[in-house]
Amino acid sequence: MTTSKLIRLIARTGRIAEPAPEAAGERHAGARALRGSVHVRYVDVGGATDCAMEIAAAFGPVYDLERYGVRLVASARHADVLLVTGVVTRNMLEPLLLTVEATPRPRLIGAVGDAAIGGGPFVGGYGVAGVVSDFVPVDFEIPGSPPEPAEIVAALRRISGR
Amino acid sequence: MNLVTVIVTLVQVILFAALAPLLVGVMRQVRARLEGRAGAGVWQPWRDLRKLLGKEPVRARGSSWMLRAGPLVLVLSSLVLAALLPLVTTVAERLVTGDLFVVVSVLLIGAVALALVGLDAGTAFGGMGSSRHMTVLALVEPTLLLAIYALSIPTGSSDIATIVEARLEDPSIIVSPVGLLAMAALVIAVVAETGRLPVDNPSTHLELTMIHEAMLLESSARDLAWLEFGSWLKLGALLGLVGNLLVPWGVATSTDALPVLVGAAAAGVKVLVLGALLAAGEVLLAKLRLFRVPELLAGSFVLAFLAVAVSAMVS
C-alpha cells in the first residue's frame, strides 16, 4: 500500500474505538498499589485459545483496553497482572509456577474462562493436573466460556481504577 | 563556570527529565489516534514510572550487580547528555563543553551499560538484543560523529552550542546543501540510536524482532523504571538537539531570566512537536528486516560523508 493510500485510509477510518462504558464499579482491593497503570502478561496453561482470542479482541482497537492504562507486556518481570486461561495441564504446571515466581510483587493473578476457574469438561482428563486455584492464589475470576471482551475489559478496569 | 550557569543547566536538566515521560505519552497518544484507538492519555508513562518505582524487583538467580547498576548508569548518562547539549541555552561556559566527541562518548556509556544489563541474566533473548544493539551502535556512532563534524565546519568549532549559535545568527547555513545533507544523516542516526522505527519497533512483543526491548526482558520494577526513563530522556535530549539545529529560534543566548524562560518553553514545544511528527511518521513505516538495517545506516553515513566532502569543495 502506498503512503498516500495509507494516509487516506487513516483519514477515512477515523476513530474505531467504541465510546467508553460507565466506570466498572469498585476498585479491586489489591490494585491500589498499581495506581492506574496495569501491565498484563498472558499465560495459556492449556486452553483452547478461545479465551486468547477474546483477550486479543479486548486489546484491539474496538474495545481498546489500553485507554484505561492496561497494557500487554512481553515479559513476566514487567507484569503486574497475570491472566491465566485454560485448565492446568501437566506440562504447563511448572511454567505456570515459574511465571508466577518471576512476577514482581505486588501482583494479581486472574483466572479467565470457565476452564481456568472450575475445569469445565476437562476435569479428570489424563493430561490435566488441576485448576489454576489448586496451584497459585487466584485474586480475581472472569467467568464465561469464553468471556466476552467487554467482561475482560470491565474486570481489568476494576484493577486499573479508570 | 559560575552559579548562574549551574542554575541554568539545572533548569535544562529538570525540564527535560520532566518532559521525557510526557514526550513518550504524546508519541503514544498520536500513534493511538492514528490507529483509530482512544489512547491511554499523555500522562500514562508517568503513571507507569510511578508504579514501577514502588515495586519490589525480582532478579534472576545468578545475575550480578550489573543488573542493579546498569539502569542507574544509563539514567546518569542521559542526565549528563541533557546537561551537555544546548537545549535551552547556548551559553557554553560550562565545566565540560558540549563538544561533539564528549556527547558521542556520553551516549556510548549509556548504550554499553544497557547492553551489559541485557547480557547479565544470561538469557538467549537478552544476549541477542545486546549483540544487535552493538551492531547498530557500531554503525550509528561514526554517522553521528561525521554528521556533527560536517555541521561544525562552517562555524569552525566542534562545540555544539557554538554550532547552534552560528545557525541562529546566519540561518542560510540551515538550508545550505551541507546543512541539509548533514541533518538528514543526523536524523537517521538519532532514530537508530533511540530505537525507533524503521530500525527497531518500540511496541513489539515478538522476541525475535526486538532490539531495545530484548535487553529489558530480565529487568523488573525500579530497574525497569530507570531503564525506561533513561531511554526516554535520551530520546528527548536528542530530539531537542535536532530541534535546535533545524529551528534554532527561541534558544537562549544569555543567562538572563526571560531568555531562559523563553528558551525552556521553545525547547519544550520543539521536542513535543518533533515527537508527534516522529510518531506520525512511524505509523506509515514498517520495521526494516534486520539485515537491511546496515544498508540504511550505511546510506546515512554516505550522506554525512557527502556533507563533509561538499563543504570541503565549497570552502
Side-chain angles (χ1 to χ4, degrees), chain A residues 1-20 31-42 56 59-81 98-107 159-162, chain B residues 25 28-29 31-41 43-61 63 67 121 123 125-126 129 203-210 212-225 227-228 280-281 283-286:
Chain A
M1 190 182 281
T2 59
T3 309
S4 61
K5 266 188 183 168
L6 189 56
I7 291 172
R8 254 176 284 153
L9 180 69
I10 289 171
R12 202 169 57 233
T13 312
R15 182 167 152 150
I16 305 169
E18 287 179 355
R32 214 161 299 273
L34 303 182
R35 303 169 81 180
S37 155
V38 179
H39 288 178
V40 174
R41 180 75 184 151
Y42 166 62
F59 281 97
V62 176
Y63 291 92
D64 195 17
L65 198 40
E66 282 191 22
R67 79 176 102 168
Y68 310 113
V70 184
R71 213 149 63 90
L72 273 180
V73 291
S75 165
R77 298 221 193 271
H78 302 181
D80 315 298
V81 169
L98 288 175
T99 307
V100 171
E101 200 191 317
T103 310
R105 286 169 205 277
R107 61 179 176 224
I159 293 169
S160 85
R162 293 174 66 193
Chain B
R28 286 188 189 158
Q29 190 68 17
R31 196 183 166 92
R33 282 294 160 85
L34 291 178
E35 284 175 344
R37 294 168 181 268
W43 301 109
Q44 188 60 31
W46 264 116
R47 293 190 198 101
D48 293 350
L49 277 188
R50 187 176 65 181
K51 173 205 68 185
L52 284 172
L53 286 173
K55 292 191 78 173
E56 277 172 45
V58 177
R59 299 186 177 107
R61 247 175 292 138
S63 62
L67 207 56
T123 57
F125 285 126
S203 56
T204 183
H205 291 162
L206 265 143
E207 286 89 345
L208 285 172
T209 64
M210 288 175 174
H212 177 78
E213 280 280 302
M215 293 183 285
L216 312 184
L217 283 177
E218 280 297 320
S219 295
S220 60
R222 56 176 177 272
D223 297 347
L224 180 64
L227 287 174
E228 296 270 36
V283 173
L284 305 173
L285 284 176

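We name chains A, B, ... by the order of the sequence lines, and we start the count at 1 in each one.
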Check whether [X] gets within reach of chain A through its side chain, its backbone, both or neither, counting any heavy atom under 4.5 Å.
{"X": "B:Leu224", "value": "side chain"}
{"X": "B:Glu35", "value": "backbone"}
{"X": "B:Ala280", "value": "neither"}

Inset, instruction - Assess whether atom CZ of A:Arg15 is packed by more than 12 heavy atoms of other residues, nucleotides or ligands within 6.0 Å. - result: yes

Inset, instruction - Please list, chain by chain and in numerical order, all residues satisfying side chain to side chain contact (heavy atoms under 4.5 Å, CB included) with B:Leu285, sequence neighbours excluded. - result: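 B:Leu285 satisfies side chain to side chain contact (heavy atoms under 4.5 Å, CB included) with B:Pro198 once adjacent residues are dropped.
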
Inset, instruction - I would like to know whether A:Arg162 and B:Gln44 meet side-chain contact (heavy atoms from CB on, under 4.5 Å); could you show each step before the answer? - result: CA-CA 12 Å; A:Arg162 293 174 66 193; B:Gln44 188 60 31; 2.6 Å; yes

Legend entry - Exercise: identify the closest heavy-atom pair between B:Val283 and A:Ile10: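 Scanning both residues, the minimum pair turns out to be CG1-CD1, 3.8 Å.
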
Legend entry - Check against side-chain contact (heavy atoms from CB on, under 4.5 Å), A:Thr103 and B:Val58: CA-CA 7 Å; A:Thr103 310; B:Val58 177; over 6 Å; no

Inset, instruction - Rounded to the nearest 0.5 Å, what's the gap from CZ on B:Arg50 to CZ on A:Arg35? Could you check? - result: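 Reported value, rounded in 0.5 Å steps: 4.5 Å.
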
Inset, instruction - Side chain from CB out, backbone as N, CA, C, O: work out which of these in A:Ala79 comes under 4.5 Å of a heavy atom of chain B, or both, or neither. - result: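 A:Ala79 touches chain B through backbone heavy atoms alone.
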
Legend entry - Between A:Ala20, A:Ala33, A:Pro19, A:Pro106, the one whose heavy-atom pairs under 4.5 Å with chain B are most numerous: A:Pro106

Inset, instruction - Take B:Arg47 and A:Leu34 through the side-chain contact (heavy atoms from CB on, under 4.5 Å) test and state the conclusion after the steps. - result: CA-CA 9 Å; B:Arg47 293 190 198 101; A:Leu34 303 182; over 6 Å; no

Legend entry - Audit row: A:Asp80, B:Lys55, side-chain contact (heavy atoms from CB on, under 4.5 Å) steps and yes/no: CA-CA 9 Å; A:Asp80 315 298; B:Lys55 292 191 78 173; 2.6 Å; yes

For residues 61-77 of chain A, which side-chain N or O atoms pair as donor and acceptor with protein atoms under 3.5 Å away, sequence neighbours left out?
{"residue": "A:Asp64", "atom": "OD1", "partner": "B:Arg37", "partner atom": "NH1", "Å": "3.2"}
{"residue": "A:Asp64", "atom": "OD2", "partner": "B:Ala38", "partner atom": "N", "Å": "2.7"}
{"residue": "A:Asp64", "atom": "OD2", "partner": "B:Gly39", "partner atom": "N", "Å": "3.2"}
{"residue": "A:Arg67", "atom": "NE", "partner": "A:Asp64", "partner atom": "O", "Å": "3.3"}
{"residue": "A:Arg67", "atom": "NH1", "partner": "A:Glu18", "partner atom": "O", "Å": "2.8"}
{"residue": "A:Arg67", "atom": "NH2", "partner": "A:Glu18", "partner atom": "O", "Å": "2.8"}
{"residue": "A:Arg67", "atom": "NH2", "partner": "A:Tyr63", "partner atom": "O", "Å": "3.2"}
{"residue": "A:Ser75", "atom": "OG", "partner": "A:Arg77", "partner atom": "N", "Å": "3.1"}
{"residue": "A:Ser75", "atom": "OG", "partner": "B:Leu217", "partner atom": "O", "Å": "2.8"}
{"residue": "A:Arg77", "atom": "NE", "partner": "B:Glu218", "partner atom": "OE1", "Å": "2.7"}
{"residue": "A:Arg77", "atom": "NH2", "partner": "B:Glu218", "partner atom": "OE1", "Å": "3.0"}

Legend entry - Top contributor to chain A contacts, counting heavy-atom pairs under 4.5 Å, from B:Arg28, B:Arg33, B:Gln29: B:Arg28

Inset, instruction - May I ask you to name which of B:Ala221, B:Ala60, B:Pro57 has the most heavy-atom pairs under 4.5 Å with chain A? - result: B:Ala60

